[in-house]
Amino acid sequence: MKKIRVLVACGAGIATSTVVMKKVEELFAKNNLPVEITQIKIAEAAAKQDSADMLISTTMLPTEYSIPAIKAMAFLTGIGTEKVENEIIEAAKGIQ
């Protein structure tokens, strides 16, 4: 089973993406899905999308991407977390 390459982005690529990265790691582990996560600034997403399978962002998406792009503010607010988790897992299963 190949590792799913995930970009986790926030405005600066430091604070909120670190929180979300941990939650994404736990989510993939819980679902027995291999993952490789790279933390980035949202400004880098367009340039890095060709080397990734999925983008998870805590900020507004400034453009369209060729890979699934999921807004994950729910991981920070605690509101709608299960919906976002399901969206991520469904996207991951589609990649496998």
Student: Is I67 linked to M21 within one hydrophobic cluster, defined over Ile, Leu, Val, Met, Phe, Trp and Tyr using a side-chain heavy-atom separation of less than 4.5 Å?
Tutor: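 Different hydrophobic clusters.
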Student: Determine the minimum heavy-atom distance between A91 and M54, stating which atoms define it.
Tutor: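 Of all heavy-atom pairs spanning A91 and M54, the closest is CB-CE, 3.8 Å.
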Student: Looking only at heavy atoms, which two atoms of A46 and Y65 are closest? And how far apart?
Tutor: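 Taking A46 first and Y65 second, the nearest heavy atoms are N-CE2, 3.7 Å.
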Student: Minimum heavy-atom separation for C10 and T16, please, with both atom names.
Tutor: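 Nearest pair, atom of C10 first, then T16: CB-OG1, 3.0 Å.
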Student: Please round to the nearest 0.5 Å and tell me the distance separating atom CG of L55 and atom OG1 of T38.
Tutor: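 Reported value, rounded in 0.5 Å steps: 11.0 Å.
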Student: To the nearest 0.5 Å, tell me how far T59 OG1 sits from K71 NZ.
Tutor: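 Output value for this atom pair is 10.0 Å.
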Student: State the CG-CZ distance between D53 and R5, to the nearest 0.5 angstrom.
Tutor: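 These two atoms lie 4.5 Å from each other.
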Student: Would you give me the side-chain donor-acceptor pairs under 3.5 Å for residues 23-33, sequence neighbours excluded?
Tutor:
residue, atom, partner, partner atom, Å
N31, ND2, L27, O, 2.8

Student: Can you name the nearest heavy-atom pair linking S57 to I42, along with the distance?
Tutor: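 Smallest interatomic distance, heavy atoms only, reads OG-CD1, 3.7 Å.
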Student: Out of curiosity, I4 CD1 to I95 CD1, how far, rounded to the nearest 0.5 Å?
Tutor: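 Reported value, rounded in 0.5 Å steps: 5.5 Å.
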Student: So how far is it from I70 CD1 to E85 CD, rounded to the nearest 0.5 Å?
Tutor: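 Those atoms lie 11.5 Å apart.
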Student: Any side-chain heavy-atom pair from I88 and F75 closer than 4.5 angstrom?
Tutor: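 With C-beta onward as the side chain, the pair touches.
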Student: From L7 CG over to S17 OG, what is the distance, rounded to the nearest 0.5 angstrom?
Tutor: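 Here the rounded value is 11.0 Å.
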Student: Might you point out which heavy atoms bring I40 and K48 nearest each other, and give the distance in Å?
Tutor: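 Taking every non-hydrogen atom into account, CG2-CD, 3.6 Å.
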